[in-house]
Number of protein chains: 2
Amino acid sequence: MRMNFTPQQLTAFLHLARSGSFGEAARLHGVSQPALSRTIQQMEAALGRRLFDRTTRSVVPTPTGLELRRIAEALVAEFDSAADDLARFVEGRSGRVAVAALPSIAAVLLPPAIARFREGRPDVEIEVRDGLSGSVLEAVSGGGADLGLTIRPPHPQAALVYRSLLSDEFGLVCRPGDAPGGEGPLPWSVFQGRPFIAMAAASSVRQMTDAAFLQAGLAVPPLYGCAFLGTVGHMVATGLGVTALPRLTLSLLGPFDLAWRRLERPVMRRSMGIVTRAGRSPAPAVLEFLAQLERQAKSLR
Amino acid sequence: MRMNFTPQQLTAFLHLARSGSFGEAARLHGVSQPALSRTIQQMEAALGRRLFDRTTRSVVPTPTGLELRRIAEALVAEFDSAADDLARFVEGRSGRVAVAALPSIAAVLLPPAIARFREGRPDVEIEVRDGLSGSVLEAVSGGGADLGLTIRPPHPQAALVYRSLLSDEFGLVCRPGDAPGGEGPLPWSVFQGRPFIAMAAASSVRQMTDAAFLQAGLAVPPLYGCAFLGTVGHMVATGLGVTALPRLTLSLLGPFDLAWRRLERPVMRRSMGIVTRAGRSPAPAVLEFLAQLERQAKSLR
DNA sequence: TATATTGATAACCGATGCGCATGAATTTCA
DNA sequence: TGAAATTCATGCGCATCGGTTATCAATATA
C-alpha cells in the first residue's frame, strides 16, 4: 500500500474534515462538489479504507480519517512552510550574496548599495571579500563569490562575463597649493620633476599609471609602492609627493584637503564593472543585488 | 508565486539533483528521459527560475536548485514518514482498540485473543473496559469503545450491530459428590430442594436462570445474589449450595474441583457475541482484532 | 572528421481531473 | 402525509496533463 497523495488531495481532505460538508468543503477548496466527492473517493480507494462514514445527512470521519487528519495537518503545514521558504528565496528575500571586490571599488560602490539592498531584505546574508584584481576573478570563477566588482579584466576568460558599470577618469592628486595654475585638465607630463607616489605593483591603479606613462613616453620613477590608498593620502597630504588616481577613489585617501585635476594625453579611464560566471544562473538575491548595483552606479555617473 | 509541487515532482527533482544526469535520474525515477526533462522544465516554469544550468555535457544545480534540494530532501522525508505512519495505521499495525466486555466473557475470550493479537502488533494500544451488559452497550454506542463483547442484546438497537460469536450452554455446578448419579443432562428441576446460589439481579447469568425457572414452571428461591463469579465459586466449593452457569465460566469460579452437568428442559444457551456501531467503519486495528476474536471463538466451539 | 553521448523538442496518445446535469436518499415543512 | 429542499453520488463530455517514441542539436571523444 503506497500512499501517494498530492498536497492538493490532502488540503481537499482537510477542508472536508474541518467543515464536515462536501458542499462547503468544495467551496473552500475552490472546486465543484462532485470534484471533491471524487477526490475523497480516490483517496479512499488508494487506501482501501473509508475516510468518512457518510449519509446524505452526515459526514463523520472514520478512525482512519481521524488518523489521516492528524497526519495531514502536520504535513500540509510543513509543505506550506517549505513553499514559503522557497518563495522567499526565489523572490530574493532570503539567501546569500558573496561579493568579491577591489578595495577601491568596494569602498565607493558597496556601502550605499548594501545599505539600500538590505532595506526590506534583512534575511539576505551579504559577504564582502575584498582583494586585488586577480583574487577577485579567482573567487568568482571558483564559485567563492557570486559576483566580482573589478576593473575590466585584461585577458577575457571564457568562464567569466564582464559588464561595465561606470568608468572613472584619472586625475592628479596633490595638496591644493601644489597644482599648476588654471582650471583645465593637465597632461601626464605634469609628473615630470615631481615626486610620484605610486601604488603597489600588483594594484590595478599602478598598472594604469604605468601604462599612461608608457603611452606618454615619460619616465617617471615610482616611489614607495603603497598597497593602501589611505597611506597614499597621508603621504600626499604630508607633502611627500603627488599621485594620479581615479576620481572616485578620492574619498578613500582620508580626511585631507586635497586637490584633484583631470589628466589627459592620454586620458586614462578605469572601467569598473561586474564579473559573473558565464552560463551560471545567479541566485535571485544576487540578481536583485546586481540590479541595486546598477542603480547605484547610474547615480554616480 | 505559488509553489505547488507534487511529491512526484520533488522526488524526480531529487533524483536529478543527486545523479546529475537526466538519463540516470529518469531511470531512477522510472520514467523516460524526455518525461523527466519536461518535469524539470515545468518546475522551473512554475518558479520562474532555472533549477539546473545544463549543457548537453553537464547538469549543475543553480543556487535556487540547491535551495530547493535542501528543502525537498526534508519535505520528501517528512512525506515518506507520514506515508509510513498512515500505512501502519491502515494495516492495523498501529492505533488503538477499546473493548467493552462483560466480565465473564472478557475473562474467557479476551486474554488469549489479546495475546495472539499483540504478536507482531506491539504498537496497538488495547484498552479493556469490563462492566455489565448495559454499560457495554452504552460504551459502544457512545463511542467510548470500538466493540463490545456481550450477550445478545434483548432490545436490538438501530445504532448497534450484534454478531454472534459462540453460544455457551448452562449446566449445574456443584461439588463432585453432590451431583445426581449418571452421565447425561439434568433437568432444571434438579434445583428443587437444593439451595440455589444466584447471581446479582442485574447480571446476564441471573436473567437467564430466572428465565429458565420460569419456563420450567419452577419456583426456586435465589440465594445471595452474588456479583462475582469467584464468590459463587467459593460458596459452591464450601457446600453452601449449587448453581447454574454457562460452561465457559467454570474457570472463573476459582481453583476448586467442581462438577458441571449440562441442563435441559429447557436447554439454555447464552449467545455471546460482538456489538459494533452500525454504519461506522471501525479502525483497521479493530477489524484485525475482530478477526482474531472470531478465530478465538471458533477454537472454543 | 566521424562517432557517441546527452539533453531538448515534436508528435501522438491514453489517463486524469473537472464541471454540468442529474439521481438517490433523507430531512423539513406545509 | 406528501411536496420541497438539502446533500452526497454518478454519468457524461471535454480539456489538460503526463507519458512514450522518434528525432534533433550540441558537444566530447577517437
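All values below were derived from every heavy atom in this structure, side-chain atoms included, with hydrogens, water molecules and symmetry-related copies excluded. Each chain gets a letter, A, B and so on, in the order its sequence line appears, and its residues count up from 1. Note that this is a predicted model, so its numbers are computed, not measured.
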What's the shortest heavy-atom distance between Thr62(B) and Arg50(B), and which atoms?
OG1-O, 2.8 Å
May I ask you to decide if the ring planes of Phe52(B) and Phe13(B) are parallel, tilted or perpendicular, using 30° and 60° as cut-offs?
tilted
Measure from [atom1] on [X] to [atom2] on [N] and round the result to the nearest Å.
X        : N       : atom1 : atom2 : answer
Glu24(A) : dC8(D)  : CD    : C1'   : 15 Å
Arg54(A) : dA24(C) : CZ    : P     : 18 Å
Gln8(A)  : dC17(D) : CD    : C1'   : 14 Å
Asn4(B)  : dG18(D) : CG    : C1'   : 17 Å
Gln9(B)  : dC17(D) : CD    : P     : 12 Å
Arg27(B) : dT6(C)  : CZ    : C1'   : 15 Å
Asp53(B) : dA8(C)  : CG    : C1'   : 16 Å

Please check if the number of heavy atoms outside Arg116(B) that lie under 6.0 Å from its CZ is greater than 12.
no
Candidate pair Glu288(B) and Gln292(B), rule side chain to side chain donor-acceptor pair (under 3.5 Å), full reasoning
CA-CA 6 Å; Glu288(B) 299 278 311; Gln292(B) 180 58 48; over 6 Å; no
Donor-acceptor pair, distance only, cut-off 3.5 Å: does the side chain of Gln33(B) make one with the backbone of Ala26(B)?
no
Expected output: side-chain Gln207(A) to main-chain Ser204(A) donor-acceptor under 3.5 Å
no
Quick test: give all pairs of protein nitrogen or oxygen and nucleotides 24-30 of chain D nitrogen or oxygen below 3.5 Å, distance rounded to 0.1 Å.
from    : atom 1 : to       : atom 2 : distance (Å)
dT27(D) : O4'    : Thr56(B) : OG1    : 3.1

Quick test of your reading of the model: are Glu73(A) and Arg69(A) salt-bridged, counting only N-O distances below 4.0 Å?
yes
Flag for Ser19(A)-Arg27(A): side-chain donor and acceptor within less than 3.5 Å
no
Using a strict heavy-atom distance below 4.0 Å, which residues from residues 31-42 of chain A are in contact with DNA chain C?
Val31(A), Ser32(A), Pro34(A), Ala35(A), Arg38(A), Thr39(A), Gln42(A)
